[in-house]
Structures are given as structure tokens and as C-alpha cells.
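Worksheet: the structure to be examined is printed underneath.
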Amino acid sequence: MRSFVSPFAASAALTIAILTSPGARAETAAEPPVVCAALSAAEPAKLIEICNALIDNSPTPEGDRLDATITRAAALHNSGQTGKALAEIETVISKDPNRARAFRARGEILRQTGKMEGAFEALNQAIRLEPDNANGYASRGNAFNNLKKYDRAIEDYNEALRLKPDFAQAFSDRGAAWYFKGEYQKAIADYDEALRLEPHRARTYSNRSAAYRKLGRAEKAIEDVTTAIRIDPTQPEFFDNRGLDLAGNGDYARAIADYDEAIKIRPEAKFLTNRGDAYQARKDYDRAIADYDAALKLDPKFQRAYNNRGAAWVKKGDRGRALQDYAEAVRLNPSDSTAAANHKDVAQEIERLGSLSYQKNLPSFNCATAKRQVEKAICADPGLAQLDRNISDVFLRVIASAESDSHRAALALARQQRDFIEKRNASFGKRGYDLRQAMEDRLEKLKAIALQ
């Protein structure tokens, strides 16, 4: 049985963060004074305060005031006030529609918030206004990177570097594009150049570490991410990444210590799941399950935690709970062949052992954590519980069969199942809604699909 996703295998895609401003750095007594300037690495609150003083100072020239407003808008966005930030940029553009920097700032904010059409519109306008400004091409390259159009991204980074050969961030971001294309040696070459130009950029060390990890050079990966931590110990991803490297080397004790640090800085489902995996590798299944529980409390749709918790339940001999977790993992991601295989293996094992009592009158979800009234009603009625179990079992067979033929068809079936559950949840208790009939109808429809 392919029990759980290897912590080492789960790491790489999470380490790359494309930035257009310097990575955060730990403050020291030697930090320079904060100035209201583009791409400042200062804390947003401090930057807003300094920019306010400049904007409100009547002798400030109009051009400087507009530039300070753009800088303040970026700081507002970074402090979570995105709507206000975009409004300020709109004000700048209304006063000076030819100010390319305002369009670059708007494009970057829209890119970071996932509004890609608006981002490209703004960035294209910035390039039209200032075709010789490297920042516009670099920012648009980041947008192409976000859309997984890596060749287009690399074209834009190339142009940015032609215009500005010492543009360290463009080297780093082009390295990310090479990384996502699977060209890890080219990624490392770009990260090398970025670090030659700016040797104190923590994020670039972390990204180069990811490329070394992909090439199987674990020692170099650990060395780079350790440097990133030394430069900036405030980033939880750096500790998490080093933990993944250490776990990949079998050093679970030190990996757990790094996951502890990541969780202390910012609890996230992926950090807790990675620590759970390390505990599971050490056969400490109770601690592993506790971490998976905590991860799912933070993010109930974190699919990997269900699969890996299922593996821990198997090791503890609780096949019934394992089956529930694997079923949920498949429901959340029908294309996960590992979860599907695990579900099939456990179901066959239960049947082979003659232990169908694990499934009898048990719904597909955990009644102990059920919160919705409809779920409590299903748990309280053995007939409804068995219906729910039957619906889940037939759905999993149907989705597995569909996935082998067409991923698109499998996704469509998954959407239908979600629609059924959402309608069930919304309709329960309303006049005229018959829960048992709705569940029986759904089961018959799934059986009909299975026969096709």
C-alpha cells in the first residue's frame, strides 16, 4: 500500500515565491532609516507613516507627491488594505494618465490578488508608456509565471535583463521560471547570478535550495536554506523547507524541530501535515494523527492530510477510519492515484478479513465531528447512515473508473457529487424536502452511471 505522501516529495513547488521587491529581512540596529521610496523593504506601517508626512507636506512637488502616493498604496496593499491601495493608484492615474509607475503598481497588486486580466492590461500599458523600463517587463514576466506560461515569462525577463543587466530580482524570477519548467541547472545559474549581485537576499537562497533539492543535492539544499534562515529567521517557509530536506535524509528529530519553528511563527495546514508525516515516519502515530487533526481544523480541504491520516489509522489498525479518510481524500482530488489506491486496498482488506462491520451502518464521514444538522440526522438513523455509505462507495467506484478514461469526466462527476451534498445540506429541514428519498435517488443515479 502506498501509505502516505513522502515529506521530501511534497516540498518543491511550495518553495518558490516570485517577488518584485526585496525579501523581508530581520531588523537590526544597523537598519537604514525608512524612506518613502519604490520597492522599500520597510514595514508597511512605518512606510505609510513616512509617506504620509511627505504627501501632507505642502512644499512637496506634485510629481514627488504622486510617487509617494504610489509607494503608500503598495504599503497599504501589503498591510491588507488592497481596496484602498487600488483607489489611491486610481487617483494618481486620474491626475497623470501617463505615469507608468502607477500602472506597474496597479498591475502588481492585481497580479498578487489573482486578477490576471486586469494585471496584464495595466502592465501592458506601463510598457507602452515606458518601453525602456526593465521593471515593466519583469512584472509582466511574473504574471506569465503565475499563469504557467514560462516561455513567455522568460522572454520578458530576458528583455528586462537586456535593459538592466544588473537586475538581481529579474535573474531570481527567471530562475523561478526555469525551475517550473524543470530546467534546474539553468535555475541555479540564474540564482547564482542574482546572489552575486545581491548576496543578502534570503528568498533567492531558499529558491536555489529548492532547485538543488530537485537535483538530489540534499547537502547543498540544506546549506542554502540554512543561509536563508540566518538572513531572515522570520519566514516560516524556510524552516518548513529545511525540515523537508532533513526528513528526506531520515533525520526526523531535527525535521520536527524545524516544523516546530515554522508552526510557532505561523500555523499552517501544510506545516502541521509535514510534522505529522515526520511523526508517522518515527511510528509515533498518535502525535501524527493529532497534527493531521490540527491541520484539518485550520483547512478542512487540505487533501494530503486526509490521505496521510488514513495511513496512520491503518498503522494503528483502525481500517474503518482509514477508509473514511481515504474516501475524503479521493473526493477532494479524484486524480490522486495514491489516495485512490489506498482506498481500494483498505476496502479490499476489510472485505478479505470479513470485517464488513467496519462499514455497516457507518456513514462516509466521522459522526464524532459532525456539526451540520443533516449529518447528525444521518448518524442517528442506521438506514440513512447505510445509504450515505452506499452513495460514497458507488461514487468512489464511478470516479475511479471515469478517471482512468478522462480526467475531465472525473472532475464533472466530482462537481455533481458536491452539488448533491450542497443541495442536501441547504434543503434539509425545509418543508417538502425528503432526505431519504433524495439520497435514494442519488444512489440510483450513481448506479446507473456505473452501469454505463
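Index from 1, following the sequence. Only heavy atoms go into these numbers, but all of them, side chains included; no hydrogens, no water, no symmetry mates.
- From Y292, atom OH reaches atom CG of N307 across 9.0 Å, with rounding to the nearest 0.5 Å.
- Counted by atom type alone, N390 and Q386 present one or more donor-acceptor pairs between their side chains at under 3.5 Å.
- No side-chain donor from either of T234 and R266 sits under 3.5 Å from a side-chain acceptor of the other.
- Counting heavy atoms from C-beta outward, V398 and Q416 have side chains that stay 4.5 Å or more apart.
- For an aromatic pair to be called close, the ring centres must be under 6.0 Å apart, and F120 with F144 satisfies this.
- The backbone N or O of N366 sits nowhere less than 3.5 Å from a side-chain atom of E375 that would complete a donor-acceptor pair.
- Here the CG atom belonging to D173 is positioned 11.5 Å from the CG atom belonging to D156, to the nearest 0.5 angstrom.
- Note: L413 CG to S401 OG = 9.0 Å, rounded to the nearest 0.5 Å.
- Heavy atoms from other residues, nucleotides or ligands lying under 6.0 Å from CD of E117 number 12 at most.
- For E268, the CD atom is densely surrounded, since the number of other residues' heavy atoms within 6.0 Å is greater than 12.
- Of the N and O atoms on the side chains of Q280 and N308, not one donor lies less than 3.5 Å from an acceptor on the other residue.
- A distance of 13.0 Å separates CG of N142 from CZ of R174, quoted to the nearest 0.5 Å.
- Other residues, nucleotides and ligands contribute at most 12 non-hydrogen atoms within 6.0 Å of the CD atom of E121.
- Expressed to the nearest 0.5 Å, how far CG of D434 lies from CE of M439 amounts to 11.0 Å.
- The shortest side-chain heavy-atom distance between N145 and Y157 falls under the 4.5 Å cut-off.
- Ring-centre distance between F239 and Y259: not below the 6.0 Å cut-off.
- Atom OH of Y137 is separated from atom CZ of R104 by 11.0 Å, given to the nearest 0.5 angstrom.
- No more than 12 heavy atoms of other residues, nucleotides or ligands lie within 6.0 Å of CZ in R152, so this atom counts as exposed by the packing criterion.
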